[in-house]
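Here's the structure we're looking at; comments come further down.
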Amino acid sequence: MTIDCRSNQLLKMSWQTGLIKTILDPANLIISTDIAVVIADKYPKARHHYLVLPKEDIGSIFQLNRTHLPLLEELHLLARNIIEVRGECFESFQIGFHAQPSMQRLHLHVISKDFVSDWLKTKKHWNSFNTSLFIPYEALYENLSKDDQIQRLPKARVEELLSKPLACNQCEFVAKNIPSLKEHLLQH
DNA sequence: GTTCTAGAAC
DNA sequence: GTTCTAGAAC
């Protein structure tokens, strides 16, 4: 391994630990319990976008086993709490995990289905929330109950899902590019 | 995860 | 010529 390779890895580590650093500052915590916290996503991909994270140092969904099922229930409880606190309705939100997370520390996404946001900029953003790259809470809970672990998606499957057409999440419309998708979402 | 930007797509 | 996407970031 070259020196350059190592400095790349260090650079990568610095952004991957962003969430862990964020929750160290109490000012960032919208809700905090003994075992989990709720923060606002720094780059929200919809009008409402929150993250629920355990205080326990769990890297990602791939570190989970059956013993974590009660923890997941607590994360889900806080997800419902933040929606209620914000005066929104549960039906207008999707709650779940990315099948291929980028940031360290397990985090549950709580995001409104409008996807109206200046931070929504790429096909990857869209498809990570609107294809099987998004694992709804209930689905992950059931998979973990059954298998005692969460399986990583094959690289080819991830690439296939990332390259899917930009299909609207609320109707049959398929956008030709990101700007037209964003314009369309505003109409809903 | 974002930023930046070369060059593809239009 | 401008818009848009996709890959490198040392």
Side-chain angles (χ1 to χ4, degrees), chain A residues 1-25 27-30 36-64 75 79 82 93-112 114-137 140 150 152-169 173-187:
Chain A
M1 182 185 287
T2 66
I3 299 288
D4 287 347
C5 253
R6 277 199 294 276
S7 61
N8 259 345
Q9 289 190 338
L10 288 171
L11 193 68
K12 194 176 180 185
M13 278 186 62
S14 65
W15 62 257
Q16 286 188 320
T17 55
L19 292 177
I20 294 170
K21 286 167 188 158
T22 296
I23 63 174
L24 287 177
D25 184 353
N28 291 324
L29 309 182
I30 305 172
V37 299
V38 179
I39 61 174
D41 193 293
K42 189 176 179 184
Y43 302 95
K45 304 304 186 299
R47 291 194 170 106
H48 295 270
H49 189 182
Y50 307 99
L51 303 176
V52 188
L53 307 86
K55 289 185 172 174
E56 185 183 343
D57 187 18
I58 299 170
S60 74
I61 54 175
F62 305 117
Q63 273 74 58
L64 295 173
L75 299 185
I82 187 62
F93 277 74
Q94 54 189 63
I95 300 173
F97 300 88
H98 278 145
Q100 193 185 242
S102 298
M103 305 287 280
Q104 282 183 36
R105 183 59 59 90
L106 179 71
H107 53 284
L108 178 63
H109 287 273
V110 184
I111 185 166
S112 56
D114 53 88
F115 290 99
V116 171
S117 166
D118 288 344
W119 296 108
L120 183 76
K121 296 174 177 179
T122 68
K123 187 171 209 175
K124 182 174 185 176
H125 289 155
W126 180 254
N127 283 341
S128 71
F129 283 105
N130 293 286
T131 69
S132 296
L133 290 170
F134 188 82
I135 309 175
Y137 167 81
L140 184 123
I150 299 300
R152 207 175 277 274
L153 285 182
K155 190 180 294 182
R157 176 64 174 154
V158 171
E159 285 173 12
E160 176 191 348
L161 291 166
L162 283 177
S163 65
K164 278 198 165 192
L166 297 169
C168 178
N169 63 331
F173 179 74
V174 177
K176 71 177 189 300
N177 57 30
I178 290 290
S180 65
L181 174 65
K182 290 169 71 70
E183 185 184 19
H184 173 82
L185 289 169
L186 267 176
Q187 308 307 314

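Each chain gets a letter, A, B and so on, in the order its sequence line appears, and its residues count up from 1.
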Q: Taking the side chain as every heavy atom from C-beta outward, state whether A/S132 and A/R157 have any pair of such atoms under 4.5 Å apart.
A: yes
Q: For the residue pair A/K164 and A/L166, establish whether any side-chain heavy-atom pair is separated by less than 4.5 Å.
A: no
Q: Please work out which residues in residues 99-106 of chain A have a non-hydrogen atom less than 4.0 Å from an atom of DNA chain B and list them by number.
A: A/S102, A/M103
With a 3.5 Å cut-off and sequence neighbours excluded, list the donor-acceptor pairs that the side chains of residues 95-104 of chain A form with protein atoms.
unit_1, atom_1, unit_2, atom_2, d
A/H98, ND1, A/H109, NE2, 3.2
A/H98, NE2, A/S128, O, 3.3
A/H98, NE2, A/S128, OG, 3.4

Q) Which residue pairs pass the side-chain hydrogen bond (donor to acceptor under 3.5 Å, both in side chains) test with at least one member in residues 115-124 of chain A, sequence neighbours excluded? A) A/T122-A/H125
Q) Quick one: do the A/E183 and A/S180 side chains pair a donor with an acceptor below 3.5 Å? A) no
Q: Could you check whether A/H107 gets within reach of a base, just the sugar-phosphate, or nothing at all, counting any heavy atom under 4.0 Å?
A: nothing
Q. With a cut-off of 6.0 Å (strictly less than), are more than 12 heavy atoms of other residues, nucleotides or ligands near NZ of A/K182?
A. yes
Q. So what is the 5' to 3' dot-bracket string for DNA chain C, if pairs are Watson-Crick or G-U wobble with both distances under 3.5 Å, crossing pairs use [ ] and | means the partner sits on another strand?
A. |||||||||.
Q. Using a cut-off of 4.0 Å on non-hydrogen atoms, how would the nucleic acid contact of A/I178 be classed: base, sugar-phosphate, or nothing?
A. sugar-phosphate
**Q.** Partners passing side-chain hydrogen bond (donor to acceptor under 3.5 Å, both in side chains) against A/K55 (at least two apart in sequence or in another chain)
**A.** A/S32
Q. Are A/L181 and A/W126 side-chain neighbours, meaning at least one heavy-atom pair lies under 4.5 Å?
A. yes
Q) Under 4.5 Å between any side-chain heavy atoms of A/V52 and A/V110, yes or no? A) yes
Q: Rounded to the nearest 0.5 Å, what's the gap from CG on A/D114 to NE2 on A/H48? Could you check?
A: 7.5 Å
Q.
Walk along nucleotides 2-10 of chain B from 5' to 3' and tag each nucleotide B, S or - by protein heavy-atom contact under 4.0 Å, base first, then sugar-phosphate.
A. SS-------
